[in-house]
Amino acid sequence: HFILRHYGVRDTVRAIRDAQGQLLLYEGSLQDVTNYKLAMEELRRSAIRSQALARISSRLNAQLDFDTVARAVCEEAATALGISTVSFSWYDAQHKCLFHNSAVNLPQESKNWFQPCLVSQDLHTKLTLEANHIVVLDSGSIEAEPFQAVTRDLGFNKIILARLARQSELIGTINLY
């Protein structure tokens with residue numbers, strides 16, 4: 001009795017012998033295991049996502065301060081999206097400003113570039129529309145000097161802003177360079 005495994009099919013075969021041990025026939029069955037294999041692959045992908053969430057949770061539980069949370073979000077976004085440079089900004093609705101908080105893989109001097117940044121009416125409209133979860137800005141269209149400095153000095157052509165909202169209210173952006 002033995003089992004052969006192939007892509008999407010499982011074969012089970014056994015030899016049937018008479019009382020003297022002579023081979024009479026082979027008996028077996030085929031079973032389609034495609035759905036099982038697809039389910040196992042989805043389970044593997046789900047486990048990878050769960051591990052990323054567990055890492056974030058562990059980091060947040062280790063030290064629950066805002067800077068650590070913002071840095072963890074930047075690092076995990078960079079890892080998950082396979083990009084090198086990410087920053088995190090909070091939005092102050094009263095002053096219509098983005099306040100840079102944390103970054104991954106920006107040079108140390110980049111802290112000087114990120115002063116509170118007044119959001120133009122056009123960008124504010126793009127970021128506050130509930131349907132816009134992602135806003136892509138061409139570096140030439142950016143009015144705010146801090147973002148202009150980053151794109152100019154580091155040679156980025158675009159900044160992608162991922163909108164962060166709570167109950168449809170803009171609370172910040174994750175900035176992908």
Side-chain angles (χ1 to χ4, degrees), residues 38-177:
L38 292 172
M40 291 305 291
E41 180 60 26
E42 179 57 33
L43 187 61
R44 185 189 67 75
R45 286 191 300 269
S46 180
I48 290 170
R49 288 189 298 267
S50 294
Q51 289 169 354
L53 291 173
R55 284 192 309 272
I56 291 172
S57 176
S58 174
R59 292 172 67 181
L60 295 178
N61 285 332
Q63 186 176 4
L64 282 177
D65 68 85
F66 180 73
D67 291 338
T68 301
V69 171
R71 179 121 181 115
V73 167
C74 289
E75 289 172 354
E76 291 299 332
T79 300
L81 298 173
I83 59 176
S84 63
T85 308
V86 177
S87 68
F88 182 83
S89 301
W90 277 115
Y91 179 68
D92 178 350
Q94 181 178 356
H95 298 101
K96 292 191 177 177
C97 284
L98 283 171
F99 291 90
H100 174 72
N101 180 265
S102 187
V104 173
N105 295 327
L106 281 177
Q108 191 64 26
E109 66 269 14
S110 68
K111 291 185 187 250
N112 299 330
W113 296 324
F114 289 106
Q115 304 305 316
C117 171
L118 185 63
V119 175
S120 69
Q121 185 60 42
D122 179 54
L123 180 55
H124 182 265
T125 300
K126 288 178 183 177
L127 286 172
T128 55
L129 287 175
E130 193 168 335
N132 286 347
H133 299 290
I134 303 288
V135 176
V136 179
L137 300 175
D138 184 61
S139 61
S141 71
I142 300 170
E143 297 173 22
E145 177 53 32
F147 284 114
Q148 285 178 348
V150 170
T151 58
R152 179 187 61 242
D153 293 352
L154 296 178
F156 296 125
N157 295 325
K158 297 193 181 301
I159 297 178
I160 301 170
L161 304 177
R163 174 181 174 267
L164 301 173
R166 182 179 348 141
Q167 298 174 345
S168 300
E169 294 294 320
L170 178 66
I171 60 171
T173 61
I174 296 176
N175 314 302
L176 313 170
Y177 302 90

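Note that the structure is a prediction, hence the values are computed from the model and not measured.
Between atom OG of residue S89 and atom CD1 of residue I171 there is a gap of 12.0 Å, rounded to the nearest 0.5 Å. Between the CG atom in L161 and the CG atom in L170 there is a gap of 10.0 Å [rounded to 0.5 Å]. Rounding to the nearest 0.5 Å places CZ of F88 at 6.5 Å from CD1 of I174. Between the CG atom of L38 and the CG atom of L43 there is a distance of 12.5 Å, given to the nearest 0.5 Å. Atoms CZ and CZ, on R44 and R49 in that order, are 10.0 Å from each other to the nearest 0.5 Å.
Residues R71 and S102 come closest through the heavy atom pair CA-OG, 3.3 Å.
Residue S87 is tested with T173, N105, N175, N101 for a side chain to side chain donor-acceptor pair (under 3.5 Å); the sole match is N175.
Judged by distance alone, with hydrogens and angles left aside, the side-chain atoms of S46 form no donor-acceptor pair with the main-chain N or O of E42 at under 3.5 Å.
Residue-environment remark: CZ (R45) exceeds the threshold of 12 foreign heavy atoms within 6.0 Å.
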